[in-house]
Amino acid sequence: MNNIKKPWDNGILKADGVWLKNGETPFFWLGDTAWLLFQRLTREEMRTYLYNRYERGFNVIQAVAVMNLPGTNIKTGQKPYLDEKTLTPDLDSGYWDNIDYAFDVAHELGMYIGLLPTWGGVVTKNGMDGSVAKAYASFLAQRYGKRDNLIWINGGDCRGADGYEFWDTMGAALKALTPDRLVCYHTFGRTLASDTFYDSKWLDVDMFQSGHRRYDQITLNRAFDNNAQEDFWYGEDNWRYVLRAHAKEHKRPVLDAEPSYENIPHGLHDFTQPRWTAWEVRRYAYWSLLEGACGFTYGHNAIMQFGFEGEPGAFGCLEDWKDAMNHPGADSMKHMKELMTSLPFTTAKPAPELLDCPQGEKHDRISISKGENYVLAYMFKGQDICLKAGVLSGCADIYWVNPQSGIKSYCGRYDAKNEPIKLCHPKGDYDNKDWLLLIKKG
């Protein structure tokens with residue numbers, strides 16, 4: 001695979017307004033959630049996983065250096081730290097050599113590793129301060145900072161206010177020591193990174209975690225997960241986080257870094273609840289992208305924790321991660337990336353004013369954006385759509401796009417400047433319920 005094009009060959013990955021670019025080439029972030037990659041797999045298994053994700057179009061792998069303490073790799077018995085209280089690394093155990101290996105394989109495939117130094121609970125449960133963060137950041141920067149395919153992801157399912165000194169020191173140190181590498185923050189459910197770190201110069205990408213709850217699951221009576229700490233409730237409307245981020249004076253690229261995972265229970269904790277499906281994962285992706293997100297991160301219950309068949313996992317997981325790699329949600333993500341990167345997506349802005357029908361709310365919402373010479377709309381329930389005249393100047397081609405298969409179905413050519421457009425969604429026995437409408441010139 002020596003002929004694989006690597007995005008960093010076009011230049012260093014950087015934030016440019018609300019988009020990401022390698023040099024002047026737009027970069028579309030398609031992440032996969034692999035939190036326990038380094039604590040659950042052997043090198044050969046890591047290679048299998050990374051090759052599989054490459055074939056499905058993923059270009060950012062979000063993985064935690066150490067998810068919990070003591071952090072022992074369950075296959076090799078290797079431990080990451082000599083001293084868990086100070087996060088002093090054990091350089092002789094081989095643990096960090098395995099992370100080096102994952103970086104090497106990902107580099108061959110043109111993929112970034114979004115590396116989290118540690119999960120949030122490690123910091124908050126042990127009261128770690130800025131001195132620990134600074135020393136640990138120095139080690140990480142020295143070992144990984146020169147890698148072309150590195151993205152730093154500070155935090156880890158943690159409100160920035162919980163352990164603020166550690167997180168702010170870590171972010172500032174990583175940016176100072178590796179100024180050419182992006183620094184992000186993976187925050188707690190239903191919050192934006194910029195809610196806490198808006199003025200932090202180290203924060204390059206404004207991640208949010210829309211989370212795993214339904215509209216009606218406002219509170220689950222779990223103290224650590226109590227929504228009373230937030231002053232808003234968006235339910236499943238993850239597009240609202242993008243809207244709120246872009247409304248701030250200092251605009252950054254923004255993306256949903258943890259939406260509802262495929263095959264995880266609604267609300268996480270009650271295993272009798274229904275499981276989120278590939279159909280619903282696509283909704284989170286297109287809702288956020290058509291509002292202006294710079295990319296999207298997919299997740300699967302079995303893959304994020306690398307569960308094994310017959311081993312009870314967290315959140316009701318009983319699947320083997322190797323089987324889960326072939327589930328349909330990841331296939332949908334590949335088709336989504338191919339569609340978005342075939343268009344000048346960095347020219348797009350939300351365009352609800354083009355609709356000549358109600359935009360709708362919740363599951364009935366029609367998401368729509370307009371870019372240079374194209375309009376793209378997404379209907380989660382596949383409803384009919386009406387557009388005003390003048391959506392584009394001159395004649396344009398119209399397609400229905402099946403977001404599950406990626407197949408485009410040509411509908412004809414219209415004078416988009418002078419004719420309103422009224423279309424009924426494709427009828428038939430389709431596996432998917434959602435549809436995309438693409439109107440494109442040229």
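Residues: numbered from 1 along the sequence shown.
- Each of R181, R252, K175 was compared with D204 under the salt bridge (Lys or Arg N to Asp or Glu O under 4.0 Å) criterion, and only K175 meets it.
- No hydrogens or angles considered: a donor-acceptor pair under 3.5 Å links the side chains of D237 and Y215.
- Annotation: side chain of W321 is in contact with side chain of L41 (closest heavy-atom distance under 4.5 Å).
- Checked options H363, K362, R365, H212; the residue passing with E236 is H363 (criterion: side-chain hydrogen bond (donor to acceptor under 3.5 Å, both in side chains)).
- You'll find the side chain of Q62 reaches within 4.5 Å of the side chain of T297, heavy atoms only.
- Contacts of W8 classified as ring-ring contact (aromatic ring centres under 6.0 Å, His included), with partners at least two apart in sequence or in another chain: H107, Y112.
- For the pair H186/Q209, a side-chain contact is recorded, criterion being any heavy-atom separation below 4.5 Å from C-beta on.
- Here the side chain of N52 pairs no donor or acceptor atom with the backbone of E55 at under 3.5 angstrom.
- E258 has its side chain out of reach of M207: every pair of non-hydrogen atoms, C-beta onward, lies at least 4.5 Å apart.
- Between the side chains of W202 and D168, at least one donor-acceptor pair of N or O atoms lies under 3.5 Å.
- Looking only at side-chain heavy atoms (C-beta outward), R214 and P274 come within less than 4.5 Å of each other.
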| Checking ring-ring contact (aromatic ring centres under 6.0 Å, His included) for the pair Y241/Y234: CA distance, chi angles, key distance, verdict? | CA-CA 8 Å; Y241 296 97; Y234 297 155; 4.8 Å; yes
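- Using a 4.5 Å heavy-atom threshold, the side chains of D32 and R56 count as separate.
- By the 30° and 60° cut-offs, the orientation of the rings of Y378 relative to F380 is tilted.
- E108 is not listed as a side-chain neighbour of I4, based on a closest heavy-atom distance of 4.5 Å or more.
- For E361, the CD atom counts as loosely surrounded, since its 6.0 Å shell holds 12 or fewer non-hydrogen atoms of other residues, nucleotides or ligands.
- A heavy-atom distance below 4.5 Å is found between the side chains of M336 and F28.
- Neither side chain, E280 nor S260, offers a donor N or O lying under 3.5 Å from an acceptor on the other.
- Annotation: the span from N98 atom CG to Q39 atom CD amounts to 11.5 Å, rounded to 0.5 Å.
- Within the structure, ring-ring contact (aromatic ring centres under 6.0 Å, His included) contacts touching residues 141-162 (residues at least two apart or in different chains) are F103-Y144.
- Counting heavy atoms of neighbouring residues, nucleotides and ligands inside a 6.0 Å radius, atom NZ of K201 does not exceed 12 of them.
- Screening K334, R282, E262, R53 for a side-chain hydrogen bond (donor to acceptor under 3.5 Å, both in side chains) involving Y298 leaves a single residue, E262.
- A donor-acceptor pair is defined here as one N or O able to donate and one able to accept, closer than 3.5 Å; no such pair exists between the side chain of N126 and the backbone of M128.
- For the side-chain hydrogen bond (donor to acceptor under 3.5 Å, both in side chains) test, no residue two or more places apart in sequence or in another chain qualifies with W119.
- With 3.5 Å as the limit, one finds no donor-acceptor pair spanning the side chains of T48 and K322.
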| query | Can W435 and Y430 be said to form a ring-ring contact (aromatic ring centres under 6.0 Å, His included), step by step? | reply | CA-CA 10 Å; W435 285 95; Y430 294 97; 4.9 Å; yes
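- Geometric assessment of R47 against the ring of Y51 yields a positive cation-pi assignment under the 6.0 Å and 45° thresholds.
- Taking the ring centroids of Y81 and Y95, they lie at or beyond the 6.0 Å cut-off.
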